[in-house]
Amino acid sequence: MSKPVGAIRDRRPTNVTLLVELVAEAKALNINVSQACERGLAHSVVEARRARWLEDNKDAIEAYNDMIERDGLPLDEFRQF
C-alpha cells in the first residue's frame, strides 16, 4: 500500500544536545521538543538559503541598483501614482 502524497515525510532519529532547563520547561508547557527543533531547524535552513542567494547574486543586485540610480525605474514614465 503506498503512502498518500505529502501525508508522512521520512524522518531520521537524531541526537541533539539541549539545555536541561529549556527541555524541562518545554515539557512542562506540553511542547513537542522534536517538532519545535524541526521548526527551528527549518527556519535556520531558510535563512541560510536566503543569505547564500543574496551572496551569490550580490554582483547582479548591485549592478541593478546602480542602473536604477543612474537611469531611474524602467517604465517610470508610465506610472500613474
Side-chain angles (χ1 to χ4, degrees):
M1 177 180 265
S2 64
K3 296 186 283 188
V5 176
I8 298 174
R9 292 184 173 181
D10 291 335
R11 298 270 192 254
R12 172 181 294 203
T14 305
N15 292 326
V16 296
T17 303
L18 303 168
L19 294 171
V20 173
E21 298 85 6
L22 189 59
V23 173
E25 187 170 0
K27 290 194 180 278
L29 294 168
N30 294 318
I31 294 172
N32 181 311
V33 175
S34 293
Q35 288 177 355
C37 288
E38 187 172 324
R39 281 192 304 271
L41 182 58
H43 176 75
S44 294
V45 166
V46 167
E47 288 300 310
R49 283 182 181 166
R50 177 185 176 278
R52 180 177 288 171
W53 186 90
L54 286 171
E55 182 61 33
D56 290 348
N57 293 283
K58 180 180 166 185
D59 293 340
I61 293 167
E62 287 177 3
Y64 179 78
N65 287 336
D66 290 344
M67 182 193 75
I68 296 301
E69 190 173 316
R70 182 185 66 241
D71 302 331
L73 290 171
L75 305 175
D76 193 35
E77 63 192 84
F78 301 107
R79 292 175 62 180
Q80 297 181 4
F81 54 93

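- Other residues sharing the hydrophobic cluster of Ile31, ordered by chain and number and joined by side-chain separations under 4.5 Å: Leu29.
- Apart from Val33 itself, the hydrophobic cluster it occupies contains Val16, Leu18, Val23, where clustering links Ile, Leu, Val, Met, Phe, Trp and Tyr at side-chain heavy-atom distances under 4.5 Å.
- In the hydrophobic clustering, Leu75 connects to Phe78, either directly or through intervening members, whenever side-chain heavy atoms lie under 4.5 Å apart.
- The hydrophobic cluster around Ile61 extends to Trp53, Leu54, counting ILVMFWY residues whose side-chain heavy atoms fall within less than 4.5 Å of a member.
- Applying the side chain to side chain donor-acceptor pair (under 3.5 Å) test to residues at least two apart or on different chains, none of the pairs has a partner in residues 26-37.
- Remark: Glu21 engages Leu19 in a side chain to side chain contact (heavy atoms under 4.5 Å, CB included) (not counting sequence neighbours).
- Taking Arg11 as the reference, Glu38 meet the salt bridge (charged side-chain N to carboxylate O under 4.0 Å, His left out) condition, with sequence neighbours excluded.
- Counting only residues at least two apart or on different chains, the salt bridge (Lys or Arg N to Asp or Glu O under 4.0 Å) pairs with a member in residues 53-76 are Asp76-Arg79.
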